[in-house]
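Order of the sequence lines sets the chain letters (A, B, ...), proteins ahead of strands, with each chain counted from 1. Just so it is clear, the model here is predicted, and its values are computed rather than measured.
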Amino acid sequence: MNVQSCFQSLKRANRCQKTLISTIDPSSGVSLLGNVPETPLRFFSSLDSSHTSFISDGYHISRVSELVSKQHWSELKTIVRETNPNRFLQLLFESEVDAEIVLRYGEIRAQLHALVKSERHSNSSIFHTISVWSDRFCSNSIIVDMLILAYVKNSKTDSAFEAFERAGDYRFKLSVLSCNPMLNALVKEGKIGIAETAYKEMIRRRIAPNLITFNTVINGLCKAGKLQKAGDLVEDMKAWGCSPSVITYNTLIDGHCKMGRVGKMYKADVLLKEMVSKNIFPNEITFNILIDGYCKDENVSAAMKLFEEMQRQDLKPNVVTYNSLINGLCNQGRLDEALSLQDGMLGSNVKPNVVTYNALVNGFSKKGMLKEARVLLDDIAKQNMAPNVITFNTLIDAYCKVGKMGEAIALRGLMFDREVCPDISTYNCLIAGFCREGNMEGASNLLNEMGDKGVRADLVTYNILVGALCRDGESRKAVRLLNEMFEMGLSPSHVTYNTLVDGFCREGNLKAALNMRMRMEKEGRRANVVTYNVLIRGLCLKGKLEEANGLLNEMLEKGLIPNRITYEIVREEMMEKGFVPDIDGHLCSKKPHQRVPLQALEF
DNA sequence: CTAGGGTTAG
């Protein structure tokens, strides 16, 4: 940090402080460049027992200054013990030490952590206090950086973002040091929209992004499926003197593998070639991403070729590599090959972990080999590993699907013994199991147990129950559950509404079904293909073929593409009754006009 | 401080 920028920032901060103080306390008359006022520091009150003139104690200040600049942390520690932490903070501000060094000192971080954890102080009161601190060394901005870091580390991401915004209002100049971890936390929590806003705001405030900033935001965009924007950002990097790294490409490739549409693996391959052409060489993770991508694309043979290729390039497959392949093989029903691959990994000194076993448990379950899957559960323990929620959920769901509810419930009991807490997924599997066999009492018992254990019902739970009620011709009761969802702060999904529309159709109550569709649109869920399929079938069953045809055309006009089920309904319910819908004509004449370039819709 | 693997509803 140079003197020039420090001075400017100081002036800015002071201007800001003046206006703030005058709005809050016009009569305070606090000398902004002088002493630290006592009142705003009250937020450290638990630590602050007296108000002596410690802060002007010249000896202590120079001593601290000396120790900090020499980075004698252990001696500083003894001073901290003798004084109280609050005073120590003040001393640091008064001693003219390099801000960068202050930043490195963990004690301040510890203080801010405690402050953030206690949750006793609002963002605004903290900012007010910081803003009235004297700032001769430009350390206030750094303190705000540290504050945001403290929020992030205590997983209070929203507060971190609030502080980030407020820092802008107060004109504290933040650094990537706090912005990057905040962006990453936002991405990890799936708050991509907020991360994007924060990134744009960084640019506006001239906080220079670095490679890590870009990688983090690109990752967020990929996770949100905004692959185009992610690609555009790679171009923007150059303007900031950054060039893409292996991590950038790995992130992009993974984004395409997981979020891409048809031909996504082709696109992934193009990116792979692009990185190599730029002399950025794929590493283990690149291969792992591609191997997993091809496995998910049901192209295990391509994945196996990459597996061999990576070894040719002297890159060693690790647990993740094997897990992807084993999982891919299991999902193809190729259990024998999966098991021999597991032998292979033992031969190459790669130890299987819970994830490996979970994939195998799933493989056995899908083959209906529940006995073998169950044996594997005990094997995990024998290997000195602990089965986790996913292991149990996989097995429990398998038992539920074949109607062995007794076994499933027993496994839930075993979870408690092994101190693995059943989660909402566990309960959803079990509740769905009971609902399938019409045992609503069993389902209800589990709902009560959830209440006792403090596990909250989620969207899926409600969908299961709505589905069960609709199936039993109790759609009216299901509507009550729909209303209850809002009270619980859950927003019903397409599945929820479609299930209800279907329920009313099955009961022959078309009016109620159409009303439910109106309600769903009013509540912000546009009817989708499933909605139309369900309604069209309902109309057909009532013999209202003309009206069904009308809906068919309506769905085409809205640009919805009919799926396999639509065609089945058309063929079986309309054509077989001698009615010929004009579906093909519409498909040909309307579709080209409705095609809008995707980029145009992005903004 | 940035990238990779396992389950679940419909």
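A:Lys188 has no side-chain polar atom (N or O) that falls below the 4.0 Å cut-off from OP1 or OP2 of B:dC1. Proximity of A:Lys401 to the phosphate of B:dA9: a side-chain N or O atom is located under 4.0 Å from OP1 or OP2. Close to B:dT7, at under 4.0 Å from its OP1 or OP2, lies a side-chain N or O of A:Asn362. For the OP1/OP2 pair of B:dG6 and a distance below 4.0 Å, the side-chain nitrogens and oxygens of A:Asn327 include at least one atom meeting the criterion. At the phosphate of B:dT7, neither OP1 nor OP2 sits under 4.0 Å from any side-chain N or O atom of A:Asn358. Distances shorter than 4.0 Å separate some side-chain N or O of A:Asn219 from OP1 or OP2 on B:dA3. The side chain of A:Lys296 places an N or O atom within less than 4.0 Å of a non-bridging phosphate oxygen (OP1 or OP2) of B:dG6.
The nucleotide whose nearest atom lies closest to any side-chain atom of A:Asn331 is, among B:dT7, B:dA3, B:dC1, B:dT7. Checked against B:dT7, B:dT8, B:dG10, the side chain of A:Arg436 finds its nearest nucleotide in B:dG10. In the set B:dA3, B:dG6, B:dT8, the nucleotide with an atom closest to the side chain of A:Asp397 is B:dT8. When distances run from any side-chain atom of A:Asn283 to the nucleotides B:dT8, B:dA3, B:dG6, the shortest one goes to B:dA3. Checked against B:dA3, B:dT8, B:dG6, the side chain of A:Lys223 finds its nearest nucleotide in B:dA3. Residue A:Ser425 places its side chain closer to B:dT8 than to any other of B:dT7, B:dA3, B:dT8. For A:Ile247, whose side chain is taken as the heavy atoms from C-beta onward, the closest listed nucleotide among B:dG10, B:dT2, B:dT8 is B:dT2.
Side chain A:Asn388 to base B:dG6: a donor-acceptor pair is found below 3.5 Å.
For the side chain to side chain donor-acceptor pair (under 3.5 Å) test, residues two or more places apart in sequence or in another chain that qualify with A:Glu337 are A:Arg334. With sequence neighbours left out, the salt bridge (charged side-chain N to carboxylate O under 4.0 Å, His left out) criterion links A:Arg525 to no other residue.
Geometric assessment of A:Arg418 against the ring of A:Phe392 yields a negative cation-pi assignment under the 6.0 Å and 45° thresholds.
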